[in-house]
Structure formats: structure tokens, C-alpha cells
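In each ligand, atom 1 is the first atom listed, and ligand 1 is the first ligand listed. Just so you know, residue 1 is the first one in the sequence shown, and it goes up from there.
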Amino acid sequence: MRITIVGGGYVGLVSGACFAALGAVVTIVEVDQGRFTALREGRMPIYEPGLEALVATSRTAGRLAFADSIEEVADTDMVFLAVGTPSRRGDGHADLTYVFEAAEQVAAALTKPVVLVTKSTVPVGTGRRLAELMALRRPDLAVSVASNPEFLREGCAIDDFMQPDRIVIGSDSATATAMLCELYAPLTVKGARLLATGLETAEMIKYAANSFLAMKIAFINEMADMCEKLGAEIGDIATGLGLDHRIGPQFLQAGPGFGGSCFPKDTQAMVRIAQDAGAPSRLVETVVAVNEARKAAMSSRIIAACGGVVRGKRIAILGLTFKPDTDDIRDSPALGIIHRLVDEGAMVSAYDPMGCNHARFQLPSRVNFCEDSQQALQGADALIIVTEWNEFKMLDPVAIHQAMRGHVVVDLRNIFHGPTMRAAGLVYYGIGSAPSPLDVRAEAETQRLSYAG
Ligand code: UDX
């Protein structure tokens with residue numbers, strides 16, 4: 001089967017490479033010349049474990065090619081739209097500009113009937129609008145439309161594609177559904193569940209899934225705040241919740257708030273979709289509000305841990321990406337935290353195994369980007385863990401204490417063991433547990449020293 005993927009980003013590039021690995025002949029269209037050139041030269045424009053090798057194998061097998069214009073879709077059976085659907089400035093609606101631009105170009109280039117598939121996350125009803133557009137532009141061709149949302153997590157996208165919990169196909173066209181079932185047959189024959197629904201249902205499953213996962217995170221983060229006041233431990237709370245098979249242990253890790261290119265934009269879009277439909281979702285509205293407030297609260301928490309004043313203090317930030325195993329910093333909690341600390345006069349040294357290059361463009365020039373953790377820690381008054389990269393978990397508490405000038409550690413991902421950190425002489429603050437009496441006394445001392453100037 002010959003398919004064309006429009007958009008060679010996190011979704012299109014991974015999906016295209018995986019479809020090729022499943023046996024389809026794939027052309028990925030990437031109109032951004034920088035990305036297109038990189039892809040043609042075998043360089044990945046995004047970081048995703050295993051992607052470079054998968055792309056190379058499929059290209060060598062002659063099942064994966066890249067193009068920089070949509071004219072290439074002339075001889076294809078299916079066209080997947082995997083272009084960006086960012087949040088529209090100001091109102092949070094999904095911006096479908098790229099989706100409809102691509103659809104217009106596809107309509108103009110077609111020479112035979114195709115199935116047009118939305119892989120990008122698009123508001124409920126978009127597929128219907130695309131079907132109307134195609135009927136208007138190409139009444140001469142039978143173009144059927146389907147929704148095939150992706151459920152890929154950055155950092156493990158290939159595994160998520162190859163071992164899906166479910167494949168969702170939404171369409172009113174039996175032809176489209178049958179062709180997509182054939183495309184995914186190598187996975188379904190191995191037991192992957194395939195759910196065939198109507199168009200709007202498939203579009204809604206995607207938003208409902210991301211909204212629910214985001215809600216789970218917002219919930220555990222609120223429980224973490226309660227733990228700090230009540231003397232409970234959020235890690236044990238998460239375990240206790242997760243052992244209930246109706247809840248499950250996933251997505252109960254308290255942190256600084258969710259980021260990334262999906263949860264923030266998809267929850268905001270869900271809020272708008274629900275409002276426009278006349279069925280507002282107060283739950284998802286609250287998830288958005290709780291998460292935004294939490295990200296801002298993290299900066300205040302850091303400043304409080306530093307005695308209420310960070311002006312002139314050296315603060316080491318470990319972690320810039322929104323999660324580990326990616327180079328993606330979109331909506332990362334680290335961005336707001338660093339802007340606030342710099343605004344308050346702190347001198348920030350930042351390190352991330354993959355995120356520094358992207359982060360440079362979104363952070364003040366005064367931020368000192370370091371080559372490794374040690375360089376960031378050297379002479380720091382405080383250490384802040386924002387992203388739970390494995391290499392940060394390996395840091396030795398005694399070595400941390402020796403490298404730093406001050407002793408405050410704020411661990412927003414609970415990667416360290418509090419008592420071990422305190423035994424090394426550090427004033428350790430995790431999240432979701434009551435501050436140790438030791439810290440309370442140390443904090444008072446820090447405040448006395450900083451006010452003493
Ligand atoms: C998400 C969905 O998981 C995926 O199914 C969808 O297709 C795209 O959006 P992604 O954004 O890549 O995937 O990353 P994910 O692992 O879901 O993490 C999203 C955010 O939630 C990150 O900022 C992460 O730090 C945070 N998170 C996740 C938590 O704070 N706690 C958790 O327990 C899990």
C-alpha cells in the first residue's frame with residue numbers, strides 16, 4: 001500500500017517510519033526546507049530513541065522517501081495529515097490553519113481516489129469539514145475521510161506505535177475503514193486491539209484520553225499539596241491508589257505540572273470544544289487552571305526555599321525538557337521557573353542532556369547553559385531538579401554538597417531520597433511530603449543569614 005504522510009514532525013516522522021517498517025511504501029512530505037534537507041541527509045530533526053535507525057532501515061529497503069512538496073501525492077492510496085495543530089493565540093482553540101492548507105494542496109494534487117486520514121489531533125467535527133472540502137474541490141474523485149488519532153508519548157513513541165493499547169479508526173466509509181485495517185494488519189494479527197468507530201467518536205476519543213490523563217496528573221499534584229500539610233507521603237499515596245486495578249499506577253507521579261506539546265494544548269482545546277458544543281466541561285477547565293497555577297507556584301516554592309530572596313544567588317537548574325528522553329521543551333515547567341528566577345535577580349546555570357539547544361531560544365541570554373550537571377552545580381547556592389533524567393538520579397549527595405556553595409535542594413520530581421540528602425548535609429525539599437523539622441530549622445537559619453545580608 002502506498003501512503004503519503006504530510007508533516008515530518010514528532011507525529012508524522014515516527015508514524016511514517018513505523019508504517020514503512022510494517023510494509024507500506026511511505027512518502028513523508030516536509031515543506032520546512034531545514035527539516036527536509038536534514039531528513040534527506042539522514043539527520044533526524046527531532047530526537048526520539050530508535051528513530052534514526054528505523055528511518056535508515058526503511059529507506060534502505062526502499063519503503064521510505066522524503067519530499068518537500070505535496071505534489072508527490074499523485075500516486076498514493078492514503079494521505080495522512082500529521083501537521084501541527086497548535087493552540088490558537090488567545091482563545092485556546094486548536095489552530096487548523098496547517099490542516100486545511102495541506103488539505104487544499106492535497107485536493108489540487110490528486111489524480112485518483114484516496115483516503116484522507118487525520119493523524120494530528122483535531123477538534124471533533126474536523127473530519128466532516130474535510131469531507132465537505134474534498135467534495136467541493138474534487139467532485140470528480142471519491143475521497144473518503146477517516147480519523148486515526150495517535151497515542152504516542154515522546155521518548156517512547158516507536159514502542160507506543162508498535163505495541164499500541166488500541167488502534168482507533170473513525171470513518172463513515174467502509175472503504176476507508178477496510179484500507180486502514182489492512183495497513184495495521186501486521187499489528188492486529190499480533191493481538192493489537194483495533195476499534196472502528198464513527199468519525200466524530202474517534203476524534204473525541206483522542207481528546208478524552210489526553211484530558212483524562214492530564215486530569216490524573218492534576219489530581220495527584222493536588223494530593224501532593226495536601227500531603228505537605230497533613231504529613232502524608234505522596235509516593236505511598238500514589239502506590240495505594242495505583243494498586244486499585246480500576247485506577248492503575250500510571251500517571252500518578254506528582255511533579256511541577258504537565259507540559260509538552262499535547263496535554264496543555266489538548267486540554268485547552270477540549271475546554272473550547274465543550275463550550276462551543278454547549279456542554280462545558282468544568283472538570284477539564286479546572287485541570288487547565290490547576291496546572292497553570294502549579295507551574296507558577298513552583299517558582300514561589302523555590303524562592304521560599306532560598307529564604308525568600310534569590311537576588312544575587314546562584315541557582316542550578318537540572319532539566320529543561322518537559323520530560324526525560326526527549327529534546328522537546330514545549331510548555332516545559334522549567335521555562336516559567338527560569339524566567340521568574342532571572343526576573344528576581346538570580347544567576348541561573350542550567351543543564352539538560354538534550355534540551356539546551358532548543359531552550360536557548362526561549363530563555364534570557366543571562367542564563368548560563370552548562371555542559372554537564374557538575375558545571376551547573378559548581379558554586380551554586382541552590383539546586384533545582386525540574387526534569388527526571390536518569391543521569392540526575394545517579395548524582396551522589398555528598399558530591400552535590402561538595403560542589404555547591406549553599407545547601408538547598410528543591411527536587412520537583414522526587415528523584416532523591418530525602419533522608420540520604422539530609423544526611424549529606426543538604427537542606428532537601430521534595431514535593432508531597434511534610435518538610436522535615438531539620439529543614440524548618442535550616443530554613444530559619446537561611447532566612448536569618450540572607451536578611452543579615
Ligand atoms: C502525551 C500522551 O501521553 C500521549 O498519549 C499523547 O499521544 C501525546 O501526549 P507526551 O506529552 O509525549 O504524551 O508525554 P507524557 O509522558 O504523557 O507526559 C506529559 C506530561 O505529563 C509531562 O510534562 C510529564 O512530566 C507529565 N507527567 C506525566 C507527570 O507530571 N506525571 C505523570 O505521572 C506522568
Side-chain angles (χ1 to χ4, degrees), residues 9-12 14-15 18 46-49 51 82 84-87 94 118-122 148-161 163-168 202-203 205-225 234-235 237-239 241-242 247-270 287-288 290-292 294-295 298 319-337 352 354-355 385-389 392 411-415 431-432:
Y10 283 95
V11 172
V14 170
S15 302
C18 290
I46 59 169
Y47 174 74
E48 185 64 46
L51 182 62
T85 55
S87 281
T118 54
K119 173 67 76 177
S120 303
T121 304
V122 293
N148 175 220
E150 50 81 18
F151 301 98
L152 310 180
R153 289 168 296 162
E154 289 185 22
C156 45
I158 293 172
D159 287 346
D160 284 349
F161 189 103
Q163 284 95 35
D165 287 337
R166 76 308 204 181
I167 298 159
V168 173
E203 291 167 338
I205 286 172
K206 173 65 183 176
Y207 276 107
N210 272 8
S211 297
F212 189 86
L213 290 167
M215 185 167 62
K216 216 175 167 182
I217 295 166
F219 177 81
I220 203 66
N221 285 338
E222 286 199 328
M223 293 302 108
D225 285 350
I234 192 59
I237 300 274
T239 303
L241 282 176
I247 298 173
Q250 300 286 323
F251 282 60
L252 287 176
Q253 179 64 43
F258 57 76
S261 63
C262 294
F263 283 172
K265 81 172 173 63
D266 290 352
T267 47
Q268 288 179 49
M270 185 67 154
V287 165
V288 171
V290 161
N291 194 61
E292 283 311 302
R294 183 167 188 81
K295 286 182 177 179
M298 292 300 111
L320 298 173
T321 52
F322 79 97
K323 63 183 282 196
D325 301 328
T326 180
D327 61 351
D328 198 343
I329 61 161
R330 284 175 290 184
D331 263 325
S332 169
L335 300 180
I337 286 169
D352 185 282
M354 301 292 298
I385 301 293
V386 186
T387 312
E388 67 280 24
W389 284 92
F392 301 156
D411 179 1
L412 299 179
R413 298 287 187 171
N414 287 344
I415 66 172
I431 54 171

>> Please check: side-chain N/O of K295 versus main-chain N/O of L335, any donor-acceptor pairing under 3.5 Å?
In response: no
> Between I329 and T321, is any pair of side-chain heavy atoms under 4.5 Å apart?
Replying inline: yes
> Can you list, by chain and residue number, every protein residue with a non-hydrogen atom closer than 4.0 Å to ligand 1?
Replying inline: E150, F151, L152, R153, E154, K206, N210, I217, F251, L252, Q253, F258, G259, C262, F263, F322, K323, R413
> Is any side-chain N of the basic residue among D331 and K265 closer than 4.0 Å to the acidic one's carboxylate O?
Replying inline: no
>> Taking K323 first and then E388, would you say they form a salt bridge - that is, a charged N and a carboxylate O separated by under 4.0 Å?
In response: no
>> Keeping R413 on the side-chain end and V386 on the backbone end, is there a donor-acceptor pair under 3.5 Å?
In response: yes
>> Any heavy-atom pair between the side chains of D160 and F151 that's under 4.5 Å?
In response: no
